[in-house]
2 protein chains.
Amino acid sequence: MKASRSTNFELRMLEKAPHLRTHQWVYQLLRRNLLCGRISPGHALTIRGLAQMLQVSPMPVREALHRLASEGAVEVKDNRRVIVPMMTAEKFNELCDLRILLETHAAGTALPHIKASDITELERIDGQIDAAVEAGQVEEISLTNHDFHRRLYSTNPHQISVPLIESLWLQLGPFSRIAISKLEKTYLVDRHVEAIAALRKGNADDLCRAIEADIRDGIASVKSLDGIYDVFKGVA
Amino acid sequence: MKASRSTNFELRMLEKAPHLRTHQWVYQLLRRNLLCGRISPGHALTIRGLAQMLQVSPMPVREALHRLASEGAVEVKDNRRVIVPMMTAEKFNELCDLRILLETHAAGTALPHIKASDITELERIDGQIDAAVEAGQVEEISLTNHDFHRRLYSTNPHQISVPLIESLWLQLGPFSRIAISKLEKTYLVDRHVEAIAALRKGNADDLCRAIEADIRDGIASVKSLDGIYDVFKGVA
DNA sequence: GTTCGAACATTGTGATCACATTAGCGGCGT
DNA sequence: ACGCCGCTAATGTGATCACAATGTTCGAAC
């Protein structure tokens with residue numbers, strides 16, 4: 001019965017650029033859907049089910065899922081079933097600590113390479129974030145927020161930490177979507193303007209402080225939600 | 001002609017545990033060979049060539065290579081050819097900085113979970129390292145040294161950073177093998193005894209200092225080698 | 001002798017097929 | 001009525017095949 005492959009979530013589609021390999025397209029599509037929280041923790045993903053949803057053969061889906069597993073975005077259980085990992089308080093705290101550790105370092109090493117054009121680009125992205133916040137588009141907020149951070153860190157041409165940081169985002173993604181959707185809109189202020197001001201001054205300490213505060217604000221918001229982790233307790 | 005697939009390196013084989021999937025076995029085998037430097041930077045790896053060497057179909061090799069690529073251990077060029085990445089001075093410094101950042105953090109969070117049995121286990125591994133140093137087995141030194149660090153950090157049951165750290169090791173592996181093999185034996189002293197002493201005292205600061213010193217010693221050794229990066233410059 | 005081009009070999013990719021393992025379920029026995 | 005066992009559907013895995021793209025080599029034209 002094909003109905004068993006039916007899923008209770010809608011994938012945000014992504015047009016396939018012609019030069020992209022199919023498995024890369026599937027990977028990016030699943031990645032974006034995980035980052036913006038379309039696929040919830042505890043949800044099981046099957047190769048054949050996704051292949052049917054995306055109208056491709058199981059092969060590229062296999063590769064995409066295995067890559068996501070190696071990045072910690074999904075978890076391969078002993079049964080070989082693939083699920084989106086659960087979140088615990090300890091895991092969440094550790095992920096946030098690592099974000100602060102790596103992202104302040106990345107921002108510090110990027111600072112010497114910042115050009116004026118980079119700052120205007122970052123301001124443009126920050127405007128997109130504000131627009132998404134204003135419109136209440138939760139998924140857009142996540143995606144553009146990541147764009148902001150990635151663009152900042154990637155200014156350093158020798159940056160190595162971005163893939164590591166993205167792995168952390170992927171592990172936090174499915175969970176933080178739930179958290180953000182439970183927050184009041186007013187809590188969603190970010191520290192990007194402080195970060196941009198620090199970039200203009202070329203002040204590394206201010207920049208790290210802004211990045212750390214930006215991350216910590218999200219933590220504080222989530223921690224204010226009592227029993228947030230229980231949402232995913234009994235699902236597996 | 002099959003000879004074109006011939007390789008100028010010997011793979012360190014690894015018996016396949018029966019419960020392991022073939023692609024996991026291939027992955028672990030390639031991973032160990034990269035970590036201990038059997039495969040040099042600039043070397044090209046082909047799916048069919050490896051499949052023939054290992055007597056398996058191209059499929060599990062594909063998955064293993066893609067996973068290694070997502071961890072930064074190998075690099076997929078625009079030609080779709082897979083090579084072991086080159087090393088540059090900037091990249092090396094950045095990788096070492098990240099190692100210090102992540103590994104001191106990992107050690108600090110592991111410290112509260114250390115039990116007496118963990119310390120004896122670490123001492124056992126350290127003995128293996130000394131034996132390998134004494135015997136001049138360069139590859140064994142790398143592998144057991146990683147075992148020591150991994151074992152220490154993994155004592156924390158909620159450890160998230162180990163996969164990130166292993167990614168750094170993988171990127172450093174092929175290069176440091178060359179570096180180590182050019183060093184005098186006497187340079188290869190480590191700071192593991194200091195780390196174990198700090199564990200016994202439960203002193204986090206001492207532990208972090210020992211770990212950082214352990215990593216920095218390797219950096220200093222490599223930097224003392226003039227023109228070490230040039231070895232791999234013209235290969236690609 | 002040099003250079004351009006066409007034929008060939010090799011490689012990565014994706015689809016399809018075959019098989020082992022596992023989960024889900026219904027029936028049988030106690 | 002409860003629990004154990006076997007059957008069936010479904011899933012992940014690995015092999016083989018077909019194809020497109022890339023790299024290489026050999027030969028012809030200037």
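Each chain gets a letter, A, B and so on, in the order its sequence line appears, and its residues count up from 1.
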Peer 1: How do A:P58 and A:D78 order along DNA chain C: which one's closest nucleotide is nearer the 5' end?
Peer 2: A:P58
Peer 1: Does any N or O in the side chain of B:T144 come within less than 3.5 Å of the main-chain N or O of B:D147, such that one atom is a donor and the other an acceptor?
Peer 2: no
Peer 1: Would you indicate whether the side-chain heavy atoms of A:H158 and B:E94 approach each other to under 4.5 Å?
Peer 2: no
Peer 1: Strictly below 4.0 Å: does A:N79 bring a side-chain N or O up to OP1 or OP2 of C:dA23?
Peer 2: yes
Peer 1: Tell me whether the OP1 or OP2 atom of D:dG14 has a side-chain N or O from B:S57 closer than 4.0 Å.
Peer 2: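 Negative; the distance criterion is not met.
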Peer 1: Nearest to the side chain of A:R48, which nucleotide is it out of C:dT13, C:dA18, D:dA15?
Peer 2: C:dA18
Peer 1: Counting the atoms with a prime plus P, OP1 and OP2 as sugar-phosphate, which does A:H66 contact under 4.0 Å by heavy atoms, base, sugar-phosphate, or nothing?
Peer 2: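 Since only primed, P, OP1 and OP2 atoms lie under 4.0 Å of A:H66, the category is sugar-phosphate.
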Peer 1: Please tell me if the side chains of A:K115 and A:E121 come closer than 4.5 Å, counting only heavy atoms from C-beta onward.
Peer 2: no
Peer 1: Taking atom P of C:dG12 as reference, at what distance in whole Å does atom CD of A:Q24 sit?
Peer 2: 14 Å
Peer 1: Quick one: B:E63 CD to D:dA15 P, roughly how many Å, whole number?
Peer 2: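 Atom-to-atom, B:E63 to D:dA15, this comes out as 11 Å.
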Peer 1: Could you check which of C:dT16, D:dG12, C:dT13 has an atom nearest any side-chain atom of A:I47?
Peer 2: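 Given the options C:dT16, D:dG12, C:dT13, the side chain of A:I47 is closest to D:dG12.
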Peer 1: Would you classify B:R81 as touching base, sugar-phosphate or nothing, given that sugar-phosphate means primed atoms plus P, OP1 and OP2, and contacts are heavy atoms under 4.0 Å?
Peer 2: nothing
Peer 1: With nearest nucleotide decided by heavy atoms, which residue, B:R21 or B:V82, maps closer to the 5′ end of DNA chain C?
Peer 2: B:V82
Peer 1: D:dA15 P sits how many Å from B:Q52 CD, rounded?
Peer 2: 14 Å
Peer 1: At 4.0 Å (heavy atoms only), tell me whether A:L20 reaches a base, stays on the sugar-phosphate, or touches nothing.
Peer 2: nothing
Peer 1: Taking the minimum atom-to-atom distance to the side chain of B:M59, which one of C:dG14, D:dT16, D:dT13 wins?
Peer 2: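 It is D:dT16.
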Peer 1: Atom CG of B:L50 and atom P of C:dG12: how far apart are they, to the nearest Å?
Peer 2: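 For the pair B:L50 CG and C:dG12 P, the rounded distance is 9 Å.
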Peer 1: Looking at B:S161 and B:L164, would you say the former's side chain and the latter's main chain have a donor-acceptor pair under 3.5 Å?
Peer 2: no
Peer 1: Using a cut-off of less than 4.0 Å, is there contact between a side-chain N or O of A:H23 and OP1 or OP2 of C:dG12?
Peer 2: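 No, because none of the side-chain N or O atoms of A:H23 sits under 4.0 Å from OP1 or OP2 of C:dG12.
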Peer 1: For a quick check of understanding: with a heavy-atom distance under 4.0 Å over all strands, which category does A:L65 fall into, base, sugar-phosphate or nothing?
Peer 2: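 No contact at all - A:L65 keeps every heavy atom at 4.0 Å or more from the nucleic acid.
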Peer 1: Under 3.5 Å, is there an N or O donor on one side and an acceptor on the other linking the side chain of B:R62 and the base of C:dG14?
Peer 2: yes
Peer 1: Output the rounded distance in Å from NZ (B:K77) to P (C:dG12).
Peer 2: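 Checked: the NZ to P distance equals 15 Å.
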Peer 1: Round to a whole Å and report the spacing from NE2 of A:H19 to P of D:dA21.
Peer 2: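 Computing the A:H19:NE2 to D:dA21:P distance gives 14 Å.
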Peer 1: Which atom names give the shortest non-hydrogen contact between A:I47 and A:V61, and what distance separates them?
Peer 2: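 Shortest heavy-atom separation between A:I47 and A:V61 comes out as O-CG1, 3.7 Å.
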